[in-house]
Number of protein chains: 2
Amino acid sequence: MARRRRTLCALTSGSLGVPLPSRKPADAAPAAVARPRLTVMRDVAKLAGVSHQTVSRVLNNHPNVRQETRERVLEAMRSLNYRRNLAARTLVTRQSDTLGIIGFETTLFGPASMLYGIESAARDAGYMVSIASVRDLDRKQVLEAVDRLTQHSVDGVIAIAPKQSVTHALAQAPPSLQCVAVGGSGESDAAPTVSIDNAAGARLATQHLLDLGHATVHHAAGPADWPESVERIEGWRRTLYAAGAVVPPVEHGWWDAESGYAQGRKMAADPAVTAIFCANDRIALGVLRALHEAGKRVPEDVSVVGFDDMPDSGFFVPPLTTVHQDFGELGRRSLALLLEHMTSSPTADPQPPDRVLVTPQLVIRTSSGPSPAL
Amino acid sequence: MARRRRTLCALTSGSLGVPLPSRKPADAAPAAVARPRLTVMRDVAKLAGVSHQTVSRVLNNHPNVRQETRERVLEAMRSLNYRRNLAARTLVTRQSDTLGIIGFETTLFGPASMLYGIESAARDAGYMVSIASVRDLDRKQVLEAVDRLTQHSVDGVIAIAPKQSVTHALAQAPPSLQCVAVGGSGESDAAPTVSIDNAAGARLATQHLLDLGHATVHHAAGPADWPESVERIEGWRRTLYAAGAVVPPVEHGWWDAESGYAQGRKMAADPAVTAIFCANDRIALGVLRALHEAGKRVPEDVSVVGFDDMPDSGFFVPPLTTVHQDFGELGRRSLALLLEHMTSSPTADPQPPDRVLVTPQLVIRTSSGPSPAL
DNA sequence: ACCAGTTCTGTGAACGTTAACACGCGCACC
DNA sequence: GGTGCGCGTGTTAACGTTCACAGAACTGGT
């Protein structure tokens with residue numbers, strides 16, 4: 001565990017208001033004595049026979065540079081292998097071409113995909129991304145993350161923020177810092193939000209099962225305090241209600257297969273259950289196993305539908321019918337929204353939207369079939 | 001698709017040597033006219049009745065500050081809600097407290113977990129991380145990523161780099177930039193590497209199956225050009241060889257369930273196959289499904305062992321015996337190694353190691369059992 | 001030839017921090 | 001009572017950009 005040369009910021013910076021005094025304890029090694037002296041604008045300028053300002057203009061695509069001069073400068077840059085010093089530029093312009101991402105549970109497929117979607121879109125737009133993970137979504141940790149990102153002077157923040165507490169915390173960020181939340185709820189009271197239309201997805205799944213002749217549809221739900229979970233429950237419930245079907249009771253769990261297995265065992269024991277809509281594919285995996293162990297065939301005895309369309313859900317036993325969620329698109333859209341908010345002046349005419357919904361799609365495989373009652 | 005205000009760097013910067021002329025096309029909005037004038041050292045200094053340099057000393061934990069003065073300064077910082085401007089600091093010290101990560105396939109569980117492991121360890125060590133994803137692992141893209149990170153003056157780079165081409169590319173990075181590769185091969189010719197002991201893992205799995213009485217073990221392999229895959233094949237092959245067992249032919253595939261399914265179907269058709277070691281859990285999922293469809297029971301007829309221990313592999317049908325890989329640890333170790341390389345002077349006595357191996361562990365569940373021949 | 005209006009280019013001053021050095025003070029040591 | 005040293009502090013100069021302004025070099029019309 002090499003934690004040398006700097007103290008733990010987490011410990012030294014007690015409250016948020018206190019800047020972190022860290023780094024370079026007394027015994028630090030003396031700074032490298034011979035600075036490498038990298039090539040800077042002045043060098044390029046000298047070689048090209050112009051002033052540093054002209055070099056700057058070329059770099060920033062300023063129109064008022066003679067074509068011939070521009071080429072001479074570009075040639076000089078090339079031959080010196082010049083790269084502009086972004087720190088200096090950030091110092092004066094106060095923008096770093098860097099975006100911050102607040103990540104939560106980024107080891108899971110969904111968040112990881114959003115992260116990737118954001119990052120590649122950001123690169124195409126000329127931005128770098130820095131990431132600050134949080135272990136929990138409480139206000140304190142989120143604000144700490146915002147603070148860390150602010151210190152590194154990011155131009156904007158995207159929070160992969162599946163819970164309300166985050167958008168609330170975001171509202172406390174310095175107003176000059178644009179924030180966008182992605183994933184999670186739509187009740188965008190605080191920050192602009194991009195998310196999937198969870199209710200629509202749930203409707204798709206539930207209606208599909210009703211259409212197959214099932215009298216009603218049971219639901220293996222996610223955690224009670226996650227908006228995504230709540231919205232899926234709502235969508236499911238409303239669809240049943242609209243169809244005049246009984247709405248079975250809901251039991252909350254976590255997002256993993258273990259939770260699905262637990263819920264699945266209970267449902268497998270109930271002969272009235274012929275169709276199960278699962279809050280995500282991992283839960284579905286657990287349900288599938290529980291049904292298998294109970295000797296129920298899928299889809300002959302019980303139909304199962306998931307949510308997410310994880311990479312391998314087409315290879316579950318049997319291949320899972322599920323609601324496809326385009327996480328990459330979610331990421332890209334959130335980046336686009338952030339950029340819009342960043343560039344539009346507060347008084348601009350077309351205010352960017354505060355809420356973007358991405359529509360999910362049903363992917364029908366073999367885990368769903370006609371009701372055995374038919 | 002909001003890509004306003006800046007041109008696409010990817011397009012304008014043809015070769016690597018050319019700095020990117022981007023941003024602010026002629027019609028750019030004039031810079032914000034009223035700069036907010038944030039609080040800086042001088043403000044703190046004035047309030048505390050000292051010079052800015054003393055403030056700097058307090059911030060950097062310099063020992064030569066009287067306790068009473070230090071407290072007055074800290075108090076001033078607190079009351080002004082001062083935060084140090086990292087861009088200015090980076091400009092003069094040439095270190096940014098930021099590390100770069102080159103990510104590949106970060107939507108998958110393994111890389112995503114490493115990313116997370118690196119990020120949290122980095123935070124504890126006082127570093128921010130910036131991420132640069134690459135779509136492919138060819139030299140060009142990797143060098144481009146390094147270049148992007150360099151421009152943002154990262155202090156070091158960790159490459160989630162499962163292929164040789166990456167470490168080779170890394171070797172071409174500016175020598176002042178410390179690089180570490182994580183995951184992938186151990187043939188660390190180019191850059192220091194942290195990886196799992198794939199051969200040992202494969203040995204664990206294979207030996208486990210042999211010990212269960214299987215005459216030999218078949219292998220559902222990963223891609224031929226990935227060192228991780230190759231090392232697992234080697235470990236498997238050597239174990240069989242040492243036991244005097246027949247070494248069945250190997251067919252290469254990809255890392256996903258689809259590939260496992262394809263390989264599994266062929267194996268299911270071969271009655272001689274009683275034990276299958278899969279290059280990862282996703283392949284195992286496909287194999288499991290193929291066996292199930294062919295009417296083979298697991299583990300009664302055929303035993304299956306995976307690699308990775310993905311989150312839900314304990315809920316496959318049946319629960320998968322697999323080789324557990326601690327991705328988070330991998331990330332932490334790679335960070336530690338990078339930090340060691342960064343801080344140790346080239347002439348220092350204890351040179352940091354160039355190769356760190358993390359030992360995997362066998363997790364026995366129910367997909368593996370005694371050979372049916374017994 | 002002159003002036004006004006562009007277009008192009010250069011000069012000097014920020015930006016907010018750390019590095020290098022100089023200074024004054026108190027203390028110990030001959 | 002110097003001399004030397006360590007401590008605490010202040011002054012000045014970097015670091016490599018961009019911004020604001022001034023000036024030079026071209027236009028084109030009289």
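Here is the naming used below: chain letters follow the sequence lines, and residue numbers restart at 1 for every chain. None of the values given here were measured: they were computed from a predicted structure.
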Could you give the CZ-to-C1' distance, from B/Arg42 to D/dT12, as a whole number of Å? 14 Å
For the side chain of B/Arg94 and the base of D/dG16, is some donor closer than 3.5 Å to an acceptor across the two? no
Sequence neighbours excluded, which residues qualify as side chain to side chain donor-acceptor pair (under 3.5 Å) partners of A/Ser96? A/Asp155
Can you sort out the partners of B/Glu75 under side chain to side chain donor-acceptor pair (under 3.5 Å), two or more places apart, ordered by chain and number? B/Arg78
Atom CE of B/Met41 and atom P of D/dC15: how far apart are they, to the nearest Å? 19 Å
I'd like to check the side chain to side chain donor-acceptor pair (under 3.5 Å) partners of B/Glu71; sequence neighbours left out, ordered by chain and number. B/Gln67
Counting only pairs under 3.5 Å, give me each side-chain donor-acceptor contact of residues 170-178 of chain B, with atom names and distances, residues two or more places apart or in other chains.
none

Ignoring the backbone of B/Leu91, work out which of D/dC15, C/dT18, D/dT18 is nearest its side chain. D/dC15
Can you list everything that forms a side chain to side chain donor-acceptor pair (under 3.5 Å) with A/Ser334? Sequence neighbours excluded, please. none
When the nearest nucleotide of DNA chain C is assigned to A/Ser51 and to B/Gln53 on a heavy-atom basis, which residue is associated with the more 5' position? A/Ser51
Estimated bend of the helix from C/dA1-D/dT30 to C/dC30-D/dG1 (axis per five terminal pairs, rounded to 10 degrees): 50°
Is it the case that D/dG8 (base atoms only) and B/Arg70 (side chain only) share a donor and an acceptor within less than 3.5 Å, ignoring hydrogens and angles? no
Give the rounded distance in Å between these two atoms: CG of B/Leu86 and P of D/dC15. 20 Å
